[in-house]
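A short write-up of the structure that comes next.
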Amino acid sequence: MELGDEVIVSGVTDEYNGKFEIIITSTSNVQVLGTGTLPEPQIITASDLYSNGELYESELITIENVTTGDDWPSEGNSTNLTISDGGSSTTTMRIDSDTDIDGSPEPGWPTNITGVGGQFDWSEPFNEGYQILPRFLTDFESAGDNQY
């Protein structure tokens with residue numbers, strides 16, 4: 001599959017730590033219809049994601065003017081970073097080692113971050129743990145005069 005593909009997926013639905021999943025048993029459960037147009041991301045705040053994360057799950061979102069004091073992940077390491085956009089709350093950014101982000105040079109802060117809204121919550125009622133998951137290094141865009 002390629003970025004932007006429109007697909008039909010069939011399988012059994014489940015929930016894993018707050019995330020809705022479709023469990024497929026073979027490649028025949030995935031049908032590629034063709035390439036569509038990617039949606040424009042919704043611009044939200046860290047507070048929006050922290051407080052109302054369910055509204056943004058599986059949506060393409062952007063949080064602007066993000067900063068963090070956490071350590072940038074080295075090559076091959078996934079990590080959660082606490083991020084802020086200068087508002088009243090913080091939220092989590094998940095950088096997965098399956099992307100081209102880990103091991104890359106740390107962006108200059110502040111930066112605008114685009115990613116998929118997600119959730120990872122260890123306990124019921126699964127109403128916490130919302131996060132933004134950037135997909136590519138290009139999901140980080142300078143927010144001002146800083147340099148990468």
Note to self: Checking S47 against T45: is there a side-chain donor and acceptor pair closer than 3.5 Å?
What the structure shows: no
Note to self: Do I83 and I132 make a side-chain contact, defined as non-hydrogen atoms from C-beta onward lying under 4.5 Å apart?
What the structure shows: yes
Check: Is W72 reaching over with its side chain to a backbone N or O of S104, donor-acceptor style, under 3.5 angstrom?
Finding: yes
Item checked: Where at least one partner belongs to residues 30-39, residue pairs that pass side-chain hydrogen bond (donor to acceptor under 3.5 Å, both in side chains), sequence neighbours excluded -> D5-T35
Next item on the list: Sequence neighbours left out, what passes side-chain contact (heavy atoms from CB on, under 4.5 Å) with E54? Give chain and number order.
Entry: E57, Q119, Y130
Notebook entry, point to check: Does the N29 side chain pair with the main chain of T25, one donor and one acceptor, at a distance under 3.5 Å?
Noted result: yes
Checklist line | Connected-component partners of F136 among ILVMFWY, side-chain separation under 4.5 Å | finding: L3, L38
Check: Under the 3.5 angstrom rule, does the side chain of T111 hit a backbone N or O of A143 as a donor-acceptor pair?
Finding: no
Checklist line | Any side-chain donor near an acceptor of the partner, T99 and D96, under 3.5 Å | finding: no
Checklist line | Residue list, side-chain contact (heavy atoms from CB on, under 4.5 Å) with T82, at least two apart or on another chain | finding: D70, T90
Notebook entry, point to check: side-chain hydrogen bond (donor to acceptor under 3.5 Å, both in side chains): which pairs involve residues 60-69, sequence neighbours left out?
Noted result: T62-T114
Next item on the list: Check the surroundings of atom CG in D71: do more than 12 heavy atoms from other residues, nucleotides or ligands lie under 6.0 Å from it?
Entry: no
Item checked: Cluster link F140 to L133, ILVMFWY, side chain under 4.5 Å -> no
Note to self: Under the rule for side-chain contact (heavy atoms from CB on, under 4.5 Å), what residues qualify as partners of N52, not counting sequence neighbours?
What the structure shows: L55, Y56
Margin query: Counting only heavy atoms not in Y50 (residues, nucleotides, ligands), do more than 12 fall under 6.0 Å from its OH?
Written below: no
